[in-house]
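Below is one structure, written out as structure tokens; comments come after it.
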Protein chains: 2
Amino acid sequence: MKLTSKGRYAVMALVDLARFNNINPVSLRDISLRQGISLDYLEQIFSKLRKKEIVQSVRGTQGGYILNRKAKEIKLTNIFDAVDEKVKTVQCKKDSKKGCNGRSTKCLTHNLWDELENHINNFFEEKSLEDLIKDNIERRV
Amino acid sequence: MKLTSKGRYAVMALVDLARFNNINPVSLRDISLRQGISLDYLEQIFSKLRKKEIVQSVRGTQGGYILNRKAKEIKLTNIFDAVDEKVKTVQCKKDSKKGCNGRSTKCLTHNLWDELENHINNFFEEKSLEDLIKDNIERRV
DNA sequence: TAGATACTTGACTATTTTAGTCAGGTTTAT
DNA sequence: ATAAACCTGACTAAAATAGTCAAGTATCTA
Ligand code: FES
Ligand code: FES
């Protein structure tokens with residue numbers, strides 16, 4: 001069970017962005033340098049964040065990205081959803097009544113995997129970008 | 001973030017085994033058939049479970065595996081640990097003070113990833129094999 | 001208006017991980 | 001003796017990951 005870099009980078013980048021968001025758009029180049037993430041990779045990530053309306057882009061010199069909603073209203077769920085970092089505890093389709101490997105019924109432990117998935121998703125639904133920034137400032141004091 | 005088949009199979013197989021555990025050893029062939037898991041793959045998995053003393057093997061005809069501890073004392077943590085299904089939310093070493101990609105400090109969101117890892121591991125530490133079997137019986141009633 | 005900055009898009013690829021398979025053993029009950 | 005079942009190590013196809021690369025377009029500033 002691991003979190004992918006794509007998901008981790010997306011959150012890192014947005015926290016970085018949110019901290020400088022007040023005044024000007026933040027360029028990916030700056031985020032890339034500050035956070036040590038490949039610029040080209042960031043571009044892929046922000047393309048998805050923009051499509052899901054989490055950020056807005058400002059083109060041209062002095063351009064960059066700004067948050068499209070208040071930090072409080074951006075939950076981890078939204079970010080992970082945007083970059084396709086989904087929690088998957090099973091292989092079978094959720095809506096189908098069939099089990100894994102095309103078996104006719106769900107497995108003995110199916111309930112457990114659903115619980116696990118919910119448990120993890122709850123965490124993502126509770127945390128907002130704002131929480132992360134606050135947490136960060138507090139720890140520095 | 002996905003759970004691998006290896007981890008899922010390990011738990012499925014142990015629940016199956018635990019249900020028939022009272023009387024005789026349970027053969028992997030039976031588990032394979034009942035749960036639809038490749039026999040060869042199960043053998044790899046049980047080799048690890050045996051090394052971590054979660055199960056005991058009985059060789060020869062009529063042989064198989066039995067639980068090596070009470071179902072109540074086998075937590076999901078133990079199972080996942082045995083088959084190397086670890087929760088990893090970061091790439092950098094936990095004990096090192098260095099960050100990811102060999103950076104000199106930990107990242108802005110590091111605290112978050114630690115929290116997430118704990119959140120997930122808590123779930124695994126709470127659930128025992130016994131819980132799973134009970135849950136299963138209840139749902140069938 | 002030339003040039004620089006920065007977003008935009010799509011294709012491509014090396015590496016790693018996953019989910020097994022396969023081939024050959026050894027042990028033991030009947 | 002033979003069959004059932006455990007045991008071990010090596011191998012591999014397919015998928016996922018973590019990027020890179022190339023070729024744009026838009027906008028600001030000198
Ligand atoms: S995990 Fe797919 S059937 Fe339960
Ligand atoms: S995740 Fe590695 S430095 Fe924070």
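Predicted, not measured: the structure shown is a model, and the values here were computed from it.
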Exercise for review: Identify, between Thr61(A) and Leu3(A), the residue whose nearest nucleotide on DNA chain D lies closer to the 5' end.
Suggested key: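 Between the two, 5'-proximity favours Leu3(A).
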
Check your understanding: Start at the 5' end of DNA chain D and walk down; is the nucleotide closest to Val58(A) or to Thr4(A) reached first?
Key -> Thr4(A)

Point to revise | Minimum heavy-atom distance between Lys94(A) and Lys106(A), given as atom pair plus value | key: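 Closest heavy-atom pair between Lys94(A) and Lys106(A): O-NZ, 4.5 Å.
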
Point to revise | Shortest non-hydrogen contact between Val90(B) and Arg8(A), atoms and distance | key: CA-NE, 3.9 Å

Exercise for review: Tell me, please, which residues at least two apart from Asp131(B) pass side chain to side chain contact (heavy atoms under 4.5 Å, CB included).
Suggested key: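 In terms of side chain to side chain contact (heavy atoms under 4.5 Å, CB included), with neighbours along the sequence ignored, Asp131(B) is linked to Ser128(B).
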
Practice item. Check whether any side-chain heavy atom of Cys92(A) sits under 4.5 Å from a side-chain heavy atom of His110(A), and report yes or no. Key: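 Yes - at least one pair of side-chain heavy atoms lies under 4.5 Å apart.
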
Point to revise | Leu108(B) vs Arg19(A) side-chain heavy atoms within contact, under 4.5 Å | key: yes

Review point. Should we count CZ of Arg103(B) as having more than 12 external heavy atoms under 6.0 Å?
Key: yes

Point to revise | Rounded distance [0.5 Å steps], NZ in Lys2(A) versus CE in Met1(B) | key: 10.0 Å

Review point. Between atom CZ of Phe123(B) and atom CG of Asn122(A), what is the distance when rounded to the nearest 0.5 Å?
Key: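 Here the interatomic distance stands at 10.5 Å.
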
Check your understanding: Closest nucleotide of DNA chain C for Gly63(A) versus for Met1(A): which of these residues is on the 5' side?
Key ->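 Checking each residue's closest nucleotide, the 5'-ward one belongs to Gly63(A).
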
Point to revise | For DNA chain D, the residues among residues 27-49 of chain B that have a non-hydrogen atom under 4.0 Å from it | key: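 Correct list: Ser27(B), Leu28(B), Arg29(B), Glu43(B), Gln44(B).
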
**Study point:** Along DNA chain D, first and last positions that approach a heavy atom of chain A under 4.0 Å
**Key:** dT17(D) to dC28(D)

Check your understanding: Do Ser32(B) side-chain atoms and Ile37(B) backbone N/O form a donor-acceptor pair below 3.5 Å?
Key -> yes

Point to revise | Flag, side chain of Glu117(B) to backbone of Thr89(B), donor-acceptor distance under 3.5 Å | key: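 Yes, Glu117(B) side chain to Thr89(B) backbone: donor-acceptor pair under 3.5 Å.
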
Which pairs would a plain distance check flag for residues 52-77 of chain A, meaning a side-chain donor or acceptor within less than 3.5 Å of a matching protein atom at least two apart in sequence or in another chain?
residue: Gln56(A); atom: NE2; partner: Asn68(A); partner atom: OD1; Å: 3.2
residue: Asn68(A); atom: ND2; partner: Glu53(A); partner atom: O; Å: 3.1
residue: Arg69(A); atom: NH1; partner: Glu73(A); partner atom: O; Å: 3.3
residue: Thr77(A); atom: OG1; partner: Phe124(A); partner atom: O; Å: 3.0
residue: Thr77(A); atom: OG1; partner: Glu125(A); partner atom: N; Å: 3.2

Check your understanding: Using a heavy-atom cut-off of 4.0 Å to chain B, what are the terminal contacting nucleotides of DNA chain C, in 5' to 3' order?
Key -> dT18(C) to dA29(C)

Practice item. Look at all strands and tell whether Val26(B) reaches a base, only sugar-phosphate, or nothing, counting heavy atoms closer than 4.0 Å. Key: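 Sugar-phosphate only.
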
Review point. Of Ile45(A), Thr4(A), Val11(A), which is the lone residue that meets side-chain contact (heavy atoms from CB on, under 4.5 Å) with Val83(A)?
Key: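 The option that passes is Ile45(A).
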
Review point. Relative to the ring of Tyr9(B), is the ring of Tyr41(B) parallel (under 30°), tilted (30 to 60°) or perpendicular (over 60°)?
Key: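 Ring orientation, 0 to 90° scale: perpendicular.
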
Review point. Got a sec? Which of residues 97-110 of chain B come in under 4.0 Å of DNA chain C, heavy atoms?
Key: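 Correct list: empty, so none.
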
